[in-house]
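First comes the structure, then the notes that go with it.
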There are 2 protein chains.
Amino acid sequence: MTLNSGASPATVDLTAVIVAMIDGEPCILTVQSGANDRDTLPCGPLQPDHRTLQAGLRSWVEYQTGLRLGYMEQLYTFADRNRAGGDDGPADQDVRPVSVAYLALVHDANPQTGRATAWQPWYDYLPWEDWRTERPPVVDRLLADLGDWRDQAPSAAKRRRRAERLRLTFASGSTPWDEERSLERYELLYGAGQVAEAWHDQGREPPAGILGRSDRSMATDHRRILATAMGRLRGKIKYRPLLFELMPPTFTLLQLQRTAEALSGTRLHKQNFRRLVERQQLVEATGQHETRTGGRPAQLMRFRPAVTLERPAPGLGIKAGGRSTRRA
Amino acid sequence: MTLNSGASPATVDLTAVIVAMIDGEPCILTVQSGANDRDTLPCGPLQPDHRTLQAGLRSWVEYQTGLRLGYMEQLYTFADRNRAGGDDGPADQDVRPVSVAYLALVHDANPQTGRATAWQPWYDYLPWEDWRTERPPVVDRLLADLGDWRDQAPSAAKRRRRAERLRLTFASGSTPWDEERSLERYELLYGAGQVAEAWHDQGREPPAGILGRSDRSMATDHRRILATAMGRLRGKIKYRPLLFELMPPTFTLLQLQRTAEALSGTRLHKQNFRRLVERQQLVEATGQHETRTGGRPAQLMRFRPAVTLERPAPGLGIKAGGRSTRRA
DNA sequence: GCCATTAATGCTCAGTTCGAGCATAAGGAG
DNA sequence: CTCCTTATGCTCGAACTGAGCATTAATGGC
């Protein structure tokens, strides 16, 4: 049983979801694609001179956008055959597109980028994910359409299954909103034909009112990759000090909280957030104060890098959402 | 900026870490490789007729071992160029080996498998990971050698960094053992030349006493993949009901606990474990009893599949290890 | 049948964490 | 000076955790 025998050729694309905070909003770096008006994530093929996947991605991003990436982690590898379908032209049947997606975080947030790149708020692409101020209006419309989709299930069993998935991902009934399930939500929407990509992938034109038809859409499966990144990041800030990869060198605790909220798409209790951060000793005071807070000046804090090495799992054990999940 | 332009060809290997409990031990399915005596994980190239990566892996495993896989999740994608190096013969410089690793769990645990496959206890490959009964003896030897490695660092800064990594991964000093860091431990050992693969990858013969030299070793980077799988599984059973993918249809709470312990490589408090499982309502009594317990008969339980759909994040919130992690 | 052994199962208790909110401090705008 | 805004300190009850004691119900010897 040898390895690599009879393998079909494949090309490996590296794709990056690069996140930065700009004016308090989580933004991703996008590249305007030429053909249609849909944005793409920075990406490029793995090349022979790339020592590792990470190195390859770094060099592509630096080449395409001039950006030096900081924190980086692998997200997922996609290789579904239908990826290449859709209206981007006929796919090469012999070469399967394999794409390895990475999540990267940068502090810089220099809004003006070179070439055809731009920072876009990530909620432009996944508007149902932002619950910071209110239940997003689009959710109401979606829930109505998804209700129809559920009722049109071909069998009673499937109807039940759809109902469960709906309840779990979209917080209907007493189930609380779980901000980490962004990928599940996207995939449910895809399966229900509620995002434009679901139609494009079948070579059809999405009907009016479908998400990403007229408003922000993305090429191929890039919005799915974004949803993956969002879920991963939302989960990971709870147990690793990733937030600080997005913060400037010094910041106030409220800025830190706003960043956590912006990423999670939820609201947090201010005093408890401070308690958490302080207990974990993730930050230390610089001695300076920020006076332009609109109220009492706030201490400027800095990340205490030692924690990375000190404790097993540093991070703010945020428990966003999660009303009563107890037994009846 | 087009995708897939100028890509170098790559072959995509699918590799599976297939875990089953056999006689209370976590075992992985291995394939005896022909050339040298090192075991490999079941794997095979992605082929054009595979619709998805998962489907491809399923079909490879079924073909190689006759096993139908149940639960499955993607682990990581490896593509380091040095992968193909070592004493397996010269690597094809033009084709980069990309391997997508999956974790799969099976209930069956039918010890006799077909062909050249065998179930091997996973601690045979990573013996320093089993802390169920005691601090594994091999850890003492490793700590000594790793101490030398630390002291031989080329600079003071690197020495400090090595010391921190050591403390964090190998629980020296007051830092508690963190069973989830299996991959970090493997990589530290690799970097310190304490596993045979580190030497093989440079085309050198490992000196005596190196882990995996005479005892269990694995082909190419399969042991690294195993370490990845172990860490993932150890982490995930804490918040997802994965344990049940490894259990028979009915089981006692102690059996469930032993499985959790076997995977984590740690011990758990019995009464608290029961409390946890019951509070989460993960299982329900079948009404039957297991009498061959050696003591008072135990209720036979079954998994309550409804939970998968009921709550956001079911799973036993196990807190293994973790003595005092508090502030000084 | 009696006893030691082994597990299963029930229960307690103190320390910690969590969610929520009250109260006070310290700036700026008018 | 007063109001508004944010920072920061503190409290309280509910829930959760870690650790251990106590009781129950089998088994194997005798």
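Here is how names work: the chains are called A, B, and so on, in the same order as the sequence lines, proteins then strands, and each is numbered from 1.
- The minimum heavy-atom distance linking B:Phe273 with B:Leu253 is given by the pair CE2-O, 3.8 Å.
- For A:Arg141, the salt bridge (Lys or Arg N to Asp or Glu O under 4.0 Å) partners are A:Asp145, not counting sequence neighbours.
- Atom CG of B:Leu276 and atom P of C:dT9 are 16 Å apart (whole Å).
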Letter by letter from the 5' end, nucleotides 20-30 of chain D scores (B base, S sugar-phosphate only, - none; protein heavy atoms under 4.0 Å) BB--BBB----
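- Salt bridge absent: B:Arg132 and B:Glu179 never bring a charged side-chain N and a carboxylate O closer than 4.0 Å.
- Atom CG of B:Leu268 and atom C1' of D:dT17 are 13 Å apart (whole Å).
- Salt bridge absent: A:Arg160 and A:Glu164 never bring a charged side-chain N and a carboxylate O closer than 4.0 Å.
- Between B:Trp177 and B:Phe170, the ring-plane angle classifies as perpendicular under the 30° and 60° cut-offs.
- Atom CE in B:Met301 sits about 12 Å away from atom P in C:dA8, given to the nearest Å.
- As rounded to whole Å, 16 Å separates atom C1' of C:dC11 from atom NZ of B:Lys270.
- Summarising the geometry, the separation between CG on B:Leu254 and C1' on C:dT9 is reported as 12 Å, rounded to the nearest angstrom.
- C:dG15 atom P lies 17 Å from atom CZ of A:Arg279, rounded to whole Å.
- Qualifying salt bridge (Lys or Arg N to Asp or Glu O under 4.0 Å) partners for A:Glu73, counting only residues two or more places apart in sequence or in other chains: A:Arg232, A:Lys236.
- Rounded to whole angstrom, the span from the CZ atom of B:Arg274 across to the C1' atom of C:dC11 amounts to 13 Å.
- With hydrogens and angles left out, the side chain of B:Arg275 and the base of D:dG18 share a donor-acceptor pair within 3.5 Å.
- Summarising the geometry, the separation between CZ on A:Arg267 and P on C:dG19 is reported as 17 Å, rounded to the nearest angstrom.
- The shortest distance between the side-chain N/O atoms of B:Gln299 and the OP1/OP2 oxygens of C:dT9 is below 4.0 Å.
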